[in-house]
Amino acid sequence: MAATILHGVGATTALSSINYNNSRRSLPERKRTSLVIQCDGSLSSGLNISNNRGAKLSTNAVAQSKQENVTASTTSKPGHELLLFEALREGLEEEMERDPHVCVMGEDVGHYGGSYKVTKGLADKYGDLRVLDTPIAENSFTGMGIGAAMTGLRPIVEGMNMGFLLLAFNQISNNCGMLHYTSGGQFKIPIVIRGPGGVGRQLGAEHSQRLESYFQSIPGIQMVACSTPYNAKGLMKAAIRSDNPVILFEHVLLYNLKERIPDEEYVLSLEEAEKVRPGKHVTVLTYSRMRYHVMQAAKTLVNKGYDPEVIDIRSLKPFDLHTIGNSVKKTHRVLIVEECMRTGGIGASLTASINEHFHDYLDAPIVCLSSQDVPTPYAGVLEEWTVVQPAQIVAAVEQLCQ
């Protein structure tokens with residue numbers, strides 16, 4: 001089959017010389033055609049998506065999923081409902097109650113309660129020494145947090161926006177990630193660095209950073225990304241208890257996502273992915289906000305006769321290759337959907353890992369849909385074009401499964 005190119009408005013990828021004759025299972029009968037997603041969002045060669053932008057690109061996938069995927073599936077379950085930022089706060093508060101060594105520091109985390117109210121009320125309960133308001137100096141208070149961790153405390157450092165933590169990159173890379181090794185194991189660095197990131201609603205380029213790609217190459221750092229209130233709380237608690245430095249990525253558009261979570265205490269693993277939807281035709285790997293774009297696309301795909309398996313990788317470093325590998329061995333096709341930049345992003349690293357460990361199980365090249373390598377525009381319409389949309393996911397799966 002000749003090379004086929006998908007031109008996405010928020011992602012570009014190439015499928016070259018794909019031979020599906022050795023497919024290990026039956027798939028819905030599909031006509032083999034070249035497929036191009038035009039810059040206006042329309043599809044050529046047999047796929048007809050309306051030029052009405054509201055029909056082809058849903059920018060409210062998260063909001064829709066809140067009602068359909070989360071609330072409807074949890075209303076009958078025991079427990080209590082929380083928004084994602086409240087779940088983060090509950091996990092943080094439980095750990096502060098359990099361990100007096102846990103403390104919080106950052107800009108406006110005290111009596112103001114944090115820019116997204118994750119620490120609201122904690123200063124009144126635990127005092128100014130355990131919930132410390134800092135000056136606007138990310139390099140200083142991040143370094144202070146690392147020093148506090150060396151002395152036995154378990155600090156949580158909040159970046160008001162993840163983009164601001166670039167000012168603390170030296171402390172995170174040269175100190176946070178390396179001190180355990182360079183000290184010969186004399187020091188542990190049990191610190192959590194967390195904060196909001198991702199493409200929001202017209203926050204501008206400097207406030208729409210996805211820093212996963214920046215931090216993934218630092219030795220000694222673990223990275224996780226929450227996507228639901230349930231895993232936000234569980235990952236927060238696990239990160240605080242870990243003796244390793246952990247960066248917890250929170251998406252700015254997911255803070256108001258609501259879900260019912262258990263009343264009893266639970267702690268999640270920092271190194272496990274979550275199988276969101278079982279399937280057999282293609283493995284779709286995603287994380288954070290893109291989980292909801294994928295799940296919206298999955299509804300369309302099911303109606304078209306496809307059965308995608310959706311995995312929220314959650315652990316961005318290290319990857320859960322056990323869960324991912326078992327899925328690849330079953331479906332033999334992989335689509336990666338991320339909001340991170342394409343060049344040097346999480347998708348690129350994940351593609352390399354899958355090719356290295358599971359190449360013999362693949363019936364087709366891995367496809368990766370990523371954000372464009374451009375600064376995020378302030379204009380809302382342009383901002384939408386830079387990130388992956390559900391229509392692109394549907395088109396990519398259809399192409400993979402031909």
Side-chain angles (χ1 to χ4, degrees), residues 82-180 183 186-197 220-222 224 226 232-250 255 265 267 270:
L82 288 178
L83 301 176
L84 190 142
F85 78 90
E86 295 172 328
L88 287 167
R89 182 201 304 151
E90 185 172 273
L92 176 55
E93 187 171 3
E94 287 179 6
E95 291 305 299
M96 293 186 73
E97 184 73 26
R98 187 186 69 88
D99 186 350
H101 295 93
V102 177
C103 57
V104 182
M105 59 186 69
E107 299 156 0
D108 288 335
V109 299
H111 295 282
Y112 184 72
S115 55
Y116 290 90
K117 303 306 178 184
V118 173
T119 57
K120 182 179 179 181
L122 297 184
D124 294 332
K125 184 174 182 179
Y126 295 105
D128 294 339
L129 290 180
R130 292 188 66 189
V131 186
L132 180 63
D133 275 321
T134 65
I136 304 175
E138 283 77 9
N139 57 340
S140 298
F141 66 74
T142 303
M144 180 174 65
I146 295 169
M150 293 173 66
T151 66
L153 297 179
R154 292 184 175 272
I156 296 95
V157 173
E158 176 181 310
M160 184 177 289
N161 183 281
M162 274 297 193
F164 302 161
L165 290 178
L166 289 176
L167 296 168
F169 194 85
N170 176 64
Q171 284 74 18
I172 296 172
S173 60
N174 284 327
N175 301 143
C176 187
M178 299 185 185
L179 271 172
H180 180 66
S183 69
Q186 295 181 75
F187 295 108
K188 295 179 181 179
I189 316 295
I191 188 174
V192 179
I193 299 173
R194 53 155 296 270
I221 295 284
Q222 283 189 271
V224 292
C226 61
K233 178 182 176 180
L235 292 174
M236 170 70 87
K237 292 172 69 70
I240 293 173
R241 297 187 188 189
S242 175
D243 285 335
N244 299 315
V246 179
I247 301 179
L248 174 59
F249 292 95
E250 304 155 15
Y255 279 126
E265 183 182 40
V267 179
L270 293 174

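The structure presented is a predicted model; accordingly, all values stated were derived computationally and were not measured.
Taken from CG in Asn244 to NE2 in His180, the straight-line distance is 7.5 Å, to the nearest 0.5 Å. Atom CE of Met236 is separated from atom CG of Leu88 by 4.5 Å, given to the nearest 0.5 angstrom. Atoms NE2 and CZ, on His101 and Arg130 in that order, are 9.5 Å from each other to the nearest 0.5 Å. Atom CD1 of Ile146 is separated from atom CD1 of Ile172 by 7.0 Å, given to the nearest 0.5 angstrom. Rounding to the nearest 0.5 Å places CG of Leu153 at 4.5 Å from OG1 of Thr151. How far CD1 of Ile247 is from CD of Gln222: 10.5 Å, rounded to the nearest 0.5 Å.
Geometric assessment of Lys117 against the ring of Tyr112 yields a positive cation-pi assignment under the 6.0 Å and 45° thresholds.
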Derivation of the side chain to side chain contact (heavy atoms under 4.5 Å, CB included) call for Ile156 and Glu95: CA-CA 11 Å; Ile156 296 95; Glu95 291 305 299; over 6 Å; no
Step-by-step side chain to side chain contact (heavy atoms under 4.5 Å, CB included) determination, Met150 to Ile189: CA-CA 6 Å; Met150 293 173 66; Ile189 316 295; 3.5 Å; yes
Evaluation steps, side-chain hydrogen bond (donor to acceptor under 3.5 Å, both in side chains), between Tyr126 and Glu93: CA-CA 10 Å; Tyr126 295 105; Glu93 187 171 3; 4.6 Å; no
Worked check of side chain to side chain contact (heavy atoms under 4.5 Å, CB included) between Arg98 and Lys237: CA-CA 11 Å; Arg98 187 186 69 88; Lys237 292 172 69 70; 5.8 Å; no
Audit row: Val109, Asp133, side chain to side chain contact (heavy atoms under 4.5 Å, CB included) steps and yes/no: CA-CA 6 Å; Val109 299; Asp133 275 321; 4.0 Å; yes
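In this structure, Val157 and Gly145 approach most closely via the heavy-atom pair CG2-CA, 4.3 Å. When all heavy atoms are compared, the tightest approach of Leu82 to Ala87 is CD1-CA, 3.9 Å. Across all their heavy atoms, Ala168 and Thr142 have their closest contact at CB-OG1, 3.5 Å. In terms of heavy-atom proximity, Gly110 sits nearest to Ala123 at C-CB, 3.7 Å. Closest non-hydrogen pair, Cys176 versus Ile191, comes out as SG-CG2, 3.6 Å. Taking every heavy atom of both residues into account, Glu138 and Glu107 meet most closely at OE2-OE2, 2.5 Å.
Residues satisfying the ring pair (Phe, Tyr, Trp, His ring centres under 6.0 Å) criterion with Tyr116, sequence neighbours excluded, are Tyr255.
The backbone N or O of Gln186 lies less than 3.5 Å from a partner atom in the side chain of Ser183, making a donor-acceptor pair. Distance alone, capped at 3.5 Å, is enough to place a donor-acceptor pair between the Arg154 side chain and the Ser242 backbone.
One finds a salt bridge joining Glu94 and Lys233 here, because a Lys/Arg side-chain nitrogen approaches an Asp/Glu carboxylate oxygen to under 4.0 Å.
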